[in-house]
Amino acid sequence: MAITITAFERSPDRGRGLARDMRVRWALEEVGQPYDVRLLSFKAMKEPAHLAVQPFGQIPTYEEGDLALFESGAIVLHIAERHAGLLPEDTNARARAIAWMFAALDTIEPPIVDREVARFLEGDQPWYEQRLPMIDKRIRKRLSELSDRLGDADWLDGNFSAADILMVTVLRRLEGLGMLDEYPNLFAYVARGKARPAFKRAFDAQLAVFTATSAD
């Protein structure tokens with residue numbers, strides 16, 4: 001059965017691969033599964049047809065036969081459980097990898113997204129300049145903890161897994177801010193993820209969408 005995912009018709013990240021469909025694309029590329037992409041406008045994302053699959057009107061979604069999923073973490077976990085290569089076979093190692101998937105989305109990502117929201121929605125408010133250092137402090141605390149745990153390892157827990165897909169894509173949201181430079185092992189960790197052929201294929205695919213729609 002063909003796999004279809006959804007993505008922005010015109011991504012607000014301007015082809016930088018920060019939209020959450022990138023996580024799903026990368027996972028599918030890692031396991032060698034072909035997929036189709038249905039591009040959605042912001043208007044279409046709020047229409048009944050899409051809301052029937054994604055009740056919050058977001059991307060990505062995943063459809064395969066009579067299965068429809070939303071939430072990028074759940075989709076990546078489904079792909080990893082369905083296809084070999086993204087989760088360890090050992091029961092305990094598998095459980096640890098899934099725990100790291102949750103950590104990426106529930107512990108590391110929230111303050112990073114909070115910073116983005118503050119910048120775009122509150123940047124012109126008088127409290128913004130006071131709020132930003134507090135958010136940055138929260139982010140650095142999590143980065144320091146993650147850096148200490150990663151140490152000199154290549155990946156989060158043994159071999160590369162779905163957890164690394166999620167963690168690398170989360171950390172990439174900090175690129176250009178200088179924060180990752182403060183933690184050389186995290187900077188190198190993200191670079192290793194981006195060097196994987198599957199990442200490059202996924203990145204090129206999403207960039208091609210932005211390039212094509214920008215030329216219209």
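- Shortest non-hydrogen contact noted between Ile59 and Ala19 is CD1-CB, 4.5 Å.
- Residue Arg16 comes nearest to Phe203 through the heavy atom pair O-CE1, 3.3 Å, listed as atom of the first residue, atom of the second, then distance.
- Under the 4.5 Å side-chain criterion, counting only non-hydrogen atoms from C-beta, Thr6 is not in contact with Met45.
- For the atom pair CG (Asp181) and CD (Glu175), the distance works out to 9.5 Å, reported to the nearest 0.5 Å.
- For the pair Arg138 and Asp114, the salt-bridge criterion is met [side-chain N within less than 4.0 Å of a carboxylate O].
- Residues Leu67 and Leu69 form a side-chain contact, since some pair of their non-hydrogen atoms from C-beta on lies under 4.5 Å apart.
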### Task
Might you work through the side chain to side chain contact (heavy atoms under 4.5 Å, CB included) test for Leu186 and Ser147, ending with a clear yes or no?
CA-CA 6 Å; Leu186 296 184; Ser147 175; 4.0 Å; yes
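- Minimum interatomic distance between Val37 and Ala7 (heavy atoms only, all atoms of both residues): CG1-CB, 3.9 Å.
- Below 30°, between 30° and 60°, or above 60°: for Phe42 and Phe8 the angle between ring planes is between 30° and 60°, a tilted geometry.
- To the nearest 0.5 angstrom, Ser144 atom OG is 13.5 Å from Ile139 atom CD1.
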Anything under 3.5 Å between a donor and an acceptor, one on a side chain of residues 99-109, the other on a protein residue two or more places apart or in another chain? List them.
| unit_1 | atom_1 | unit_2 | atom_2 | d |
| --- | --- | --- | --- | --- |
| Glu109 | OE2 | Arg20 | NH2 | 3.2 |
| Glu109 | OE2 | Arg23 | NH2 | 2.4 |

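- The side-chain heavy atoms of Glu30 and Ile79, taken from C-beta on, include no pair separated by under 4.5 Å.
- Both Leu143 and Phe187 sit in one connected hydrophobic cluster of ILVMFWY residues. Membership requires side-chain heavy atoms under 4.5 Å apart, directly or through other members.
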### Message
Between Phe70 and Gln58, does the side chain to side chain contact (heavy atoms under 4.5 Å, CB included) criterion hold? Intermediate values first, please.
### Response
CA-CA 8 Å; Phe70 61 97; Gln58 300 171 322; over 6 Å; no
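- For the pair Thr169 (side chain) and Leu166 (backbone), a donor-acceptor distance under 3.5 Å is present.
- Contact between Met22 and Gly17 at its shortest, heavy atoms only, is CG-O, 3.3 Å.
- Side-chain atoms of Gln206 come within 3.5 Å of backbone atoms of Gly15 as a donor-acceptor pair (strictly under, hydrogens ignored).
- Rounded to the nearest 0.5 angstrom, Tyr183 OH and Asp148 CG are separated by 9.0 Å.
- Remark: Arg149 does not engage Glu145 in a salt bridge, criterion side-chain N to carboxylate O under 4.0 Å.
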### Query
Does the side chain to side chain contact (heavy atoms under 4.5 Å, CB included) test come out yes or no for Arg172 and Phe199, once each step is laid out?
CA-CA 12 Å; Arg172 285 196 66 234; Phe199 175 93; 4.0 Å; yes
### Message
Does Tyr35 form a side-chain hydrogen bond (donor to acceptor under 3.5 Å, both in side chains) with Gln33? I'd like the steps, not just the answer.
### Response
CA-CA 6 Å; Tyr35 59 97; Gln33 286 297 304; over 6 Å; no
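- Using cut-offs of 30° and 60° for the angle between ring planes, the Trp26 and Phe160 rings count as tilted.
- For the pair Pro88/Asn159, no side-chain contact is recorded, criterion being any heavy-atom separation below 4.5 Å from C-beta on.
- Residues Gly151 and Asn185 come closest through the heavy atom pair O-ND2, 3.0 Å.
- Counting non-hydrogen atoms of other residues, nucleotides and ligands closer than 6.0 Å to CZ of Arg192 gives a total above 12.
- Of the listed residues (Arg196, Arg201, Lys200), just one forms a salt bridge (charged side-chain N to carboxylate O under 4.0 Å, His left out) with Glu29, and that residue is Arg201.
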### Message
Using side chain to side chain contact (heavy atoms under 4.5 Å, CB included), reason through Ile112 and Arg142 one step at a time and then give a plain yes or no.
### Response
CA-CA 10 Å; Ile112 296 174; Arg142 293 309 187 197; over 6 Å; no
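- Distance CG/Asp36 to CD1/Ile5: 9.5 Å, rounded to 0.5 Å.
- A distance-only check finds a donor-acceptor pair linking the side chain of Thr211 to the backbone of Leu207 [under 3.5 Å].
- With hydrogens and angles ignored, the 3.5 Å screen pairs a side-chain donor or acceptor of Asp164 with a backbone N or O of Leu156.
- Within the model, atoms CG of Leu40 and CD of Gln54 stand 10.5 Å from one another, a figure rounded to the nearest 0.5 Å.
- Using a 4.5 Å cut-off between side-chain heavy atoms of Ile, Leu, Val, Met, Phe, Trp and Tyr, with links allowed through other members, Leu18 and Met167 fall into different hydrophobic clusters.
- When side chains are defined from C-beta on, Leu132 counts as touching Asp136, because their heavy atoms get closer than 4.5 Å.
- Contact annotation: the side chain of Leu87 approaches that of Leu77 to within less than 4.5 Å [non-hydrogen atoms, C-beta and beyond].
- In this model, no donor atom of one side chain and acceptor atom of the other lie less than 3.5 Å apart for Tyr189 and Asp154.
- His50 and Ala44 make their closest contact through CB-O, 3.5 Å (heavy atoms, listed as atom of the first residue, atom of the second, distance).
- With values rounded to the nearest 0.5 angstrom, Arg140 atom CZ is found 12.0 Å from Ile135 atom CD1.
- Using a 4.5 Å heavy-atom threshold, the side chains of Arg115 and Leu177 count as touching.
- Within the 4.5 Å cutoff, the side chain of Glu89 has no heavy atoms near those of the Arg94 side chain.
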